[in-house]
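Some notes on the structure that comes next.
Just the heavy atoms: all of them, side chains too, but no hydrogens, waters or symmetry mates, feed the values below.
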Amino acid sequence: MTVTILQTDIVWADYEENIRRAELLLQTAPKSDMYVLPEMWSTGFMTESVVDDKQATLRWMQKTASRCGAAVCGSVPTTVAPLQEEGRPAIVNRFYFVCPNGKTEFYDKRHLFTFGGEDKVYTAGRERKIVEFGGLRFLLLTCYDLRFPVWSRNQGDFDAIIYIASWPDARIKAWDILLRARAIENQCFVIAANRIGTDDKNLYPGHSVVLDAKGNEISCYYAENQQIMTADVDKDALFAFRNKFRVLDDGDSFIIT
């Protein structure tokens, strides 16, 4: 499977410009089976107010998936039906996984970044999400989720983790280290898309990467500019490694509540 990460420079609260930039990057990208965009790629990481793009971002993702014959991934602030216990509309940080046939899967970010006030505007997701595509099973996770290994733990139910993020330069060493830890401990591929650029609070350095199950870089891009990055993910090599070195068989049993 060929995967391309679009490491974008996001313009604050301007979904039309961010869609245009993503489109330009796609025009230079090689043919791939999957295109991965960062967290809140069409607006920036919004925690004080939310731009209503009238679902333009999701529609673009669906049209692009159909046109390119590939999956398209990325998160979008999304208003959902009122929560039964609260009786008010909820806003979630929704990671969309759009298949080329039009099927749209999603994961709502569970671990909201309280340090940045995300919990004041958004409602946390409650369910893990694994998507089967192209013969592999992908666990969908978003940014701050990376710091919580129990939520990421492989129980024999996935082959790769896709992390999408707005991870700032001040904590980029943690990003680099934790991504490798998740790949190694879960014996899985890690596909990690981080943004670049700035907003009024942070600098974002990219460091998008694709790792194998040993934590080795298949492809990486550490320069702080807008770029595409493509990698081939070999599922046969992954399965052979797991069969030879059966770490997952010795994992602890647990229940997430």
Side-chain H-bond candidate by donor/acceptor type, Y144 with N93, under 3.5 Å: no
Ignoring hydrogens and geometry, is there a side-chain-to-backbone donor-acceptor pair from [X] to [Y] under 3.5 Å?
X    : Y    : result
N216 : D212 : no
D145 : T142 : yes
K214 : A183 : no
E39  : C143 : no
D169 : L203 : no
R153 : E185 : yes
N194 : W167 : yes
S32  : P30  : yes

Please find the pair of heavy atoms, one from [X] and one from [Y], that lie closest to each other, and give the distance.
X    : Y    : answer
R94  : V80  : NH2-CG1, 3.4 Å
L141 : S152 : CD1-OG, 3.5 Å
W151 : L139 : O-CD2, 4.4 Å
N18  : S42  : ND2-O, 2.9 Å
V209 : C220 : CG2-CB, 3.7 Å
I130 : R137 : CG2-CB, 3.9 Å

Does any non-hydrogen side-chain atom of [Y] lie less than 4.5 Å from one of [X]?
X    : Y    : value
R180 : L211 : yes
V121 : E118 : no
K129 : E105 : yes
R21  : T8   : no
I162 : V3   : no

Nearest 0.5 Å please: distance from the [atom1] atom of [X] over to the [atom2] atom of [Y].
X    : Y    : atom1 : atom2 : answer
Q27  : I228 : CD    : CD1   : 11.5 Å
I19  : D14  : CD1   : CG    : 9.5 Å
C99  : M34  : SG    : CE    : 8.5 Å
R182 : I177 : CZ    : CD1   : 11.0 Å
N154 : C188 : CG    : SG    : 6.0 Å
E217 : D176 : CD    : CG    : 8.5 Å

Decide if atom [atom1] of [X] counts as having more than 12 heavy atoms of other residues, nucleotides or ligands within a radius under 6.0 Å.
X    : atom1 : value
Q55  : CD    : no
F254 : CZ    : yes
E132 : CD    : no
K244 : NZ    : no
E127 : CD    : no

Check which hydrophobic residues are tied to V247 through side-chain heavy-atom contacts below 4.5 Å, counting indirect links as well, and list them. F241, F245
Is R67 salt-bridged to E23, cutoff N-O under 4.0 Å? yes
With respect to F97, which candidate in F133, Y35, Y107 satisfies the ring-ring contact (aromatic ring centres under 6.0 Å, His included) definition? F133
Between Y96 and the options I164, L140, T78, the side chain to side chain contact (heavy atoms under 4.5 Å, CB included) test singles out T78
Ring centroids only, cut at 6.0 angstrom: are Y204 and F45 within range, meaning strictly under it? no
Qualifying residues under ring pair (Phe, Tyr, Trp, His ring centres under 6.0 Å), relative to F189, sequence neighbours excluded: none
For P77, side-chain contact (heavy atoms from CB on, under 4.5 Å) partners two or more places apart: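 For P77 the side-chain contact (heavy atoms from CB on, under 4.5 Å) partners, ignoring immediate neighbours, are M40, T43, V50, Y122.
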